[in-house]
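By convention in this document, chain letters (A, B, ...) are assigned in the order of the sequence lines, proteins followed by strands, and residues within each chain are numbered from 1.
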There are 2 protein chains.
Amino acid sequence: MSTTDTSVIHDIRDVARVAGVSIGTVSNVLNRPHMVADTTRERVEEVIARTGFVRNASARHLRQGRTRTIGLVVQDVMNPFFTEVARAAEDAATDSGYLLYLCNSAGSPEKEAAYLRALVEQQVSGVLLTPLQEIPAVMNTLRARGTPVVLVDRASEQPDQCSTAVDDVHGGDLAASHLLSIGRRRIAFISSTWSIRQCADRRAGVRRALRRGPAVRTRSPAGTGRAGDDDAGRG
Amino acid sequence: MSTTDTSVIHDIRDVARVAGVSIGTVSNVLNRPHMVADTTRERVEEVIARTGFVRNASARHLRQGRTRTIGLVVQDVMNPFFTEVARAAEDAATDSGYLLYLCNSAGSPEKEAAYLRALVEQQVSGVLLTPLQEIPAVMNTLRARGTPVVLVDRASEQPDQCSTAVDDVHGGDLAASHLLSIGRRRIAFISSTWSIRQCADRRAGVRRALRRGPAVRTRSPAGTGRAGDDDAGRG
DNA sequence: CTGAAAGCGCTTACAG
DNA sequence: CTGAAAGCGCTTACAG
């Protein structure tokens with residue numbers, strides 16, 4: 001078998017055969033190159049480069065018991081707010097060598113549950129979820145399996161449930177306080193339906209600021225102290 | 001072992017044990033339920049439902065040789081055009097029982113190549129790609145492995161390369177023709193840099209329409225015959 | 001209709 | 001430093 005043998009390479013086994021080493025050694029070149037003698041390593045690397053061998057993640061993950069993938073379940077990717085979340089999540093995932101599953105629940109609890117189930121099947125390392133209403137029942141499965149789940153844009157009732165969310169009460173307070181601080185006294189609040197938590201929270205914040213009244217009677221320059229600009233059209 | 005045994009269920013083996021059947025039978029219940037006797041099937045299904053067993057996709061895919069996942073590599077998810085592509089792709093994937101990897105090349109050929117490689121490792125069933133400039137070299141690997149790749153928003157030079165793209169020349173022609181048909185004679189064309197193919201193509205289409213001149217001297221009602229509205233801010 | 005067994009392609013102790 | 005071997009959790013012919 002000549003060293004320029006380029007016959008079909010699919011396996012790590014084929015690589016081993018062409019390089020004249022055991023598959024364990026090929027695997028070591030891939031995963032712990034420092035444990036392999038330089039000359040052996042170079043030979044194997046040459047074969048890999050020349051044949052374009054790519055390892056099979058399914059086999060790798062099955063053996064290792066983890067997949068280095070995470071799932072993102074959002075209500076609607078078209079919504080700029082979630083698009084930004086998706087973009088940032090994908091960025092962060094990549095930086096850590098993870099791949100991201102994009103799942104669009106489209107407002108359907110059934111789709112949401114189906115996705116969560118599918119993600120568990122995929123053995124994802126973690127899940128980012130924008131829950132629709134109730135925390136879905138499948139969450140128990142994830143919990144039981146120890147799959148980390150982080151709620152996005154929604155605080156959780158459960159004390160042991162991680163979540164990230166904007167403090168919209170504070171946002172409303174900030175906005176109204178700013179207006180008060182520059183001397184405004186007749187303030188209008190335009191929003192969407194109060195059934196959207198974010199909107200109701202901002203109103204509560206605005207009211208709190210109004211109740212408190214202007215703090216100090218100094219004027220800040222116009223255009224300064226923008227507040228509450230976390231509103232990215234979720235309403 | 002009582003039938004209410006709920007001890008840790010991780011395996012299809014655990015399910016088999018609890019249900020008192022072989023793992024082959026459990027697999028059959030999952031994949032070809034019609035081949036299993038009703039009473040056996042029901043028993044197994046009961047155990048699966050009660051224990052919340054979820055199968056391991058890594059093992060399944062390794063054995064089956066295919067993953068039912070597809071990769072989407074876009075230049076920028078934040079761009080509304082690609083967001084819409086992502087959304088639609090994800091929808092279609094879900095409808096066919098596939099999961100979608102979201103990959104944001106962010107204008108970097110290196111990231112693009114790395115993603116393509118990662119997707120090959122994942123053994124994706126197919127790839128949707130918005131190429132940055134040149135068709136990347138990794139494409140050869142995909143081609144060699146027979147992984148289907150569809151170029152998005154970009155026609156390919158290679159005759160055997162699938163692609164979907166808007167006919168922007170036609171779009172520009174349509175827009176200019178419309179203006180001509182309603183009697184406009186002094187037409188301005190506002191666009192981005194000509195180095196963006198879409199923009200240059202539209203200009204070519206506009207010019208073609210102007211060269212051809214007004215076809216018929218009839219007026220269509222205002223607001224009719226909108227054309228070239230496929231421009232979703234790619235420039 | 002059901003079970004036993006092989007095998008998917010890797011990684012990882014374990015010997016040598 | 002290297003190789004042989006077990007095993008990750010499934011699916012799928014193949015017997016029975």
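Qualifying side chain to side chain contact (heavy atoms under 4.5 Å, CB included) partners for A/A19, counting only residues two or more places apart in sequence or in other chains: A/V21, A/V44, A/V47. When the ring pair (Phe, Tyr, Trp, His ring centres under 6.0 Å) test is applied to A/Y101, the partners found at least two apart in sequence or on another chain are B/Y101.
A/E121 places its CD atom 10 Å from the P atom of D/dC10, with the value rounded to the nearest Å. Going from atom CZ of B/R43 over to atom P of C/dC1 covers 14 Å, rounded to whole Å. When rounded to the nearest whole Å, the span between NE2 of A/H10 and P of C/dG7 equals 18 Å. When rounded to the nearest whole Å, the span between CG of B/N56 and P of D/dT11 equals 10 Å. As a whole-Å value, the separation of B/R60 CZ from C/dG9 P is 17 Å. Atom CG in A/L62 sits roughly 9 Å away from atom P in D/dC10 (whole-Å rounding). In this structure, the CD atom of B/Q122 is 13 Å from the P atom of C/dC10, given to the nearest Å. Atoms CZ (A/R68) and C1' (C/dC10) sit 16 Å apart, rounded to a whole Å.
Across A/S192 and A/C199, no two heavy atoms sit closer than the pair CB-SG, 3.8 Å. Across every non-hydrogen atom of A/V15 and A/V26, the tightest pair is CG1-CG1, 3.9 Å.
The pair B/R202-B/D173 does not meet the salt-bridge criterion, since no charged nitrogen lies less than 4.0 angstrom from a carboxylate oxygen. Ion pairing between A/D168 and A/R197 holds under the 4.0 Å rule for side-chain N and carboxylate O.
Side-chain atoms of B/T40 lie closest to C/dC1 of the nucleotides C/dC10, C/dC1, D/dC10. Comparing C/dG9, D/dT2, D/dG9 by their closest approach to the side chain of A/V36 singles out D/dT2. Here the nucleotide nearest the side chain of B/D11, chosen from D/dC10, C/dG9, D/dG3, is D/dC10. Distances from the side chain of B/R55 to the nucleotides D/dG3, D/dT11, D/dG9 place D/dT11 closest.
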Show every donor-acceptor pair shorter than 3.5 Å between a side-chain atom in residues 114-121 of chain B and any protein atom, with sequence neighbours excluded, or say none if there are none.
unit_1	atom_1	unit_2	atom_2	d
B/Y115	OH	A/E90	OE1	3.3
B/Y115	OH	A/E90	OE2	2.2
B/Y115	OH	A/T94	OG1	2.4

Return a table of donor-acceptor pairs under 3.5 angstrom between the side chains of residues 69-76 of chain B and protein atoms on other chains or two or more places apart.
unit_1	atom_1	unit_2	atom_2	d
B/T69	OG1	B/T67	OG1	2.9
B/Q75	NE2	B/P131	O	3.2
B/D76	OD1	B/M78	N	2.9

Measure all distances between protein nitrogen or oxygen atoms and nitrogen or oxygen atoms of nucleotides 12-16 of chain C, and list the pairs falling under 3.5 Å.
unit_1	atom_1	unit_2	atom_2	d
C/dT12	O4'	A/R63	NH2	3.1

How is the base pairing of DNA chain D summarised as a dot-bracket string, given the Watson-Crick and G-U wobble criteria with both distances under 3.5 Å, [ ] for crossing and | for another strand? |||.||||||||.|||

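Other residues, nucleotides and ligands contribute more than 12 heavy atoms inside 6.0 Å of the CZ atom of A/R143.
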